[in-house]
Number of protein chains: 2
Amino acid sequence: MRYVMVQIPNKPASTMPPAPRPVPTSADVARLAGVSRATVSYVLNNTSAVRISEPTRRRVREAARELGYVPHAAARTLRAGHSRMVLMPTLPVPAGPLYSRFVHDFQGAMSRLDYTVVQYGASGVGGDEAARAWAELRPVAVLVPGTGIGPEGVAILKRSGARAVVTLGPEAVEGAHAMLLDQADVGRGAAGHLHARGRRRIGVVVPEEPGMELFSAPRLAGAREALRGADATVTELPLAYTEEAADALAARWRGLGLDAVFGYNDEYAMLLLRALRDAGLRVPEDVAVIGADDLLLGRLLRPRLSTVRITLPLGRELASLVDRAVRNPAAAPESHALFSVAVVHRDSS
Amino acid sequence: MRYVMVQIPNKPASTMPPAPRPVPTSADVARLAGVSRATVSYVLNNTSAVRISEPTRRRVREAARELGYVPHAAARTLRAGHSRMVLMPTLPVPAGPLYSRFVHDFQGAMSRLDYTVVQYGASGVGGDEAARAWAELRPVAVLVPGTGIGPEGVAILKRSGARAVVTLGPEAVEGAHAMLLDQADVGRGAAGHLHARGRRRIGVVVPEEPGMELFSAPRLAGAREALRGADATVTELPLAYTEEAADALAARWRGLGLDAVFGYNDEYAMLLLRALRDAGLRVPEDVAVIGADDLLLGRLLRPRLSTVRITLPLGRELASLVDRAVRNPAAAPESHALFSVAVVHRDSS
DNA sequence: TTGAAAGCGCTACCAG
DNA sequence: CTGGTAGCGCTTTCAA
């Protein structure tokens, strides 16, 4: 006598969610093709160490196609003990054009090296908590932008099998490779330039949009630092990215007694520059203006906008760093400064 | 007599890669805490169906902390049979500001609903091949921008357990929910506006940057279509995003005999507008200019740039659509047109 | 309150 | 050339 387990619906069939056809597995393919699961695996992975007759191969492929079989990445990863996923947490703010391009290039370069780059939607948690969430995915490498990770987080990732951790931020983190990229340099460059041009009462725009302090705070701090000890003042200028806010700021400009402004980036600078001119101020005579990022559009406005040009690391170079690090995880962490900053003096300062 | 397997290095120890300390598993935690793996699982997942004594809980947590234990997502997914990952293939081009913001909002909304959004770096393959690669990850939902998937691809994903497939493109795909979003509408809007303003010989900028044809081709086609049968001509104007290219185009402008131009988007439009004016042409008298995307910067240029405003679906609304679809996979696919297009007439046309 | 064990889907070893 | 099978790390019944 044999017994068979039968699934008993615990609700009337009419209210049950329609039984989703179960996802086909390699066992289903094997059954349909009349071979073993091992053979299926050999055929579908073109395992060269093993010879499978052509008719068998055809039967297996045919069965897989018929069932719409797709292998299960999690199972494969579990079995293999490693994957080729490179994890990149997404920024907590919408990406700007420079960063978008950088990520795109990096992704292209990595896929040419046969890695898969995955941008992981940060779930709001931070610090070691975030590092743990990333570690759960067992990526082969992690590329962390900003200051979202510390030595403890790096250790967590490495203990979980990450063969390379690379940070993209202002300072190297113990145990991780670093692409040095300090937003404060941008503020230093801008403030230094304005000071060199003879300006002494310098405003620094700070976007009011939430999350932007990630970039604006170091840029402001850099400006402050560059002028420390010099006979100059730095005034923080909160500004929302709207025409109205810019006009309002321009309207009370004369009362501020400033002779120069660093506009956070080219977009805010262009916005403010236009508002200042509309308010009757002369640029650069009454007020010098400088932006950052060297957007093409900044060159179109008149007067042409001075700016701080930022060179992000090339996706290719970073990809090759990651690849080397993965291949040789024992190597000492490298610090690179492919990021660089250069003042471009045009007409607005 | 018992035998024990011993791992024999096949190279001299000095040239061996340093044996990476194996990643701790829940079994290691159990061993260290002196309990079973089941207990570890109960404690770390706060399983409420089971009471574990407080001292035991502490011992387990302490052991986990000491080892730096992080659970293995692949194993958990495999066991659970499902995950809460929402897959979003990355665009084949760097994202623009509108799209970046949209993705950011969507991600935030999804994580509030307790899903994890993952942007998956497309490996260059396309069509059903790409769909299969996505299906390997067994995402609970897939959000596909553009025209990167057909009915066959949707079927593959659903057979692999995806409970919702949503496309973000010009037309609904069999079996998938759709957020209708046709770039051709932008071209239609722009061309219609220019024609209504009395222009008849209309140029359409087509960016030369690789990959942009994804967006520029439908915009051009939409413009052509809007003017079909009207007494108007459409001229394709290839343009690279550099000042030199814009100046070169402006230099031969009079020879082209055009009285209006749709600049692909605001950035190209601003670039070209400036070059045309520098070449001595009057805007809008000699040539009307219109862009698209309604960037704030377009309002700063003089004359103020006319534009086609594009409203992307809100991240929140899309997130709720995805969530509903996941909860009720049997529901008929919905088509929404939260995307909309409106001509904003300013001074340049 | 805790432990033993099955099994998710896959690949790689070894035997036939 | 092909099949049987162990085991990757985890959760979850069932039994003690």
Side-chain angles (χ1 to χ4, degrees), chain A residues 5 7-8 20 22-60 63-64 67-84 132 135-138 159-161, chain B residues 5 7 20 22-60 63-64 67-84 135-138 159-161:
Chain A
M5 294 296 288
Q7 198 174 4
I8 311 285
V23 179
T25 72
S26 76
D28 297 322
V29 176
R31 204 157 19 242
L32 181 57
V35 299
S36 75
R37 284 153 63 216
T39 306
V40 170
S41 176
Y42 293 142
V43 170
L44 297 183
N45 294 309
N46 286 314
T47 307
S48 53
V50 121
R51 304 238 132 334
I52 305 280
S53 70
E54 197 48 48
T56 304
R57 305 183 91 91
R58 249 199 303 279
R59 284 221 314 289
V60 170
L67 294 175
Y69 168 73
V70 174
H72 193 309
R76 177 178 289 171
T77 295
L78 190 57
R79 171 66 225 231
H82 60 89
S83 76
R84 290 185 69 79
R132 243 183 300 273
E136 290 192 0
L137 300 180
R138 298 291 191 271
R159 260 201 309 265
S160 308
Chain B
M5 292 297 288
Q7 197 174 4
V23 179
T25 73
S26 77
D28 296 321
V29 176
R31 203 156 21 239
L32 181 57
V35 300
S36 76
R37 283 154 65 213
T39 306
V40 170
S41 178
Y42 292 142
V43 171
L44 297 183
N45 294 311
N46 285 316
T47 307
S48 54
V50 120
R51 308 237 87 71
I52 306 280
S53 69
E54 196 48 48
T56 304
R57 304 183 91 92
R58 250 199 301 279
R59 284 220 313 289
V60 169
L67 294 175
Y69 169 71
V70 174
H72 193 308
R76 176 179 288 170
T77 295
L78 189 58
R79 170 67 224 230
H82 60 89
S83 74
R84 291 185 66 81
E136 291 193 1
L137 300 179
R138 299 291 191 270
R159 258 201 308 265
S160 309

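Because only heavy atoms are used, hydrogens play no part in the values below, and waters and symmetry mates are left out as well, while side chains stay in. Residue numbers begin at 1 in each chain, while the letters A, B, ... track the order of the sequences.
The shortest non-hydrogen separation linking B/R138 to A/P71 is NH1-O, 3.4 Å. Between B/R76 and B/N45, the shortest heavy-atom distance links the atoms NH2-OD1, 3.6 Å. When all heavy atoms of B/A30 and B/R37 are compared, the closest pair comes out as CB-N, 3.7 Å.
Here B/H72 contributes atom NE2 and B/T25 contributes atom OG1; the two are 10.5 Å apart, rounded to the nearest 0.5 Å. Taking OG from B/S26 and CG from B/L67, the interatomic distance works out to 11.0 Å, rounded to the nearest 0.5 Å.
The distance from atom CZ of B/R51 to atom P of C/dG3 is 17 Å, rounded to the nearest whole Å. Rounded to whole angstrom, the span from the CG atom of A/L44 across to the P atom of C/dG9 amounts to 16 Å. The distance from atom CG of B/L137 to atom P of C/dG9 is 16 Å, rounded to the nearest whole Å. Between A/I52 atom CD1 and D/dT2 atom P there is a gap of 5 Å when expressed in whole angstrom units.
Screening residues 50-60 of chain B for salt bridge (Lys or Arg N to Asp or Glu O under 4.0 Å) gives no qualifying pairs among residues at least two apart or on separate chains.
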For each nucleotide in nucleotides 8-16 of chain D, reading 5' to 3', give B when a protein heavy atom comes within less than 4.0 Å of its base, S when such contact involves only the sugar-phosphate, and - otherwise. BBBBBB---
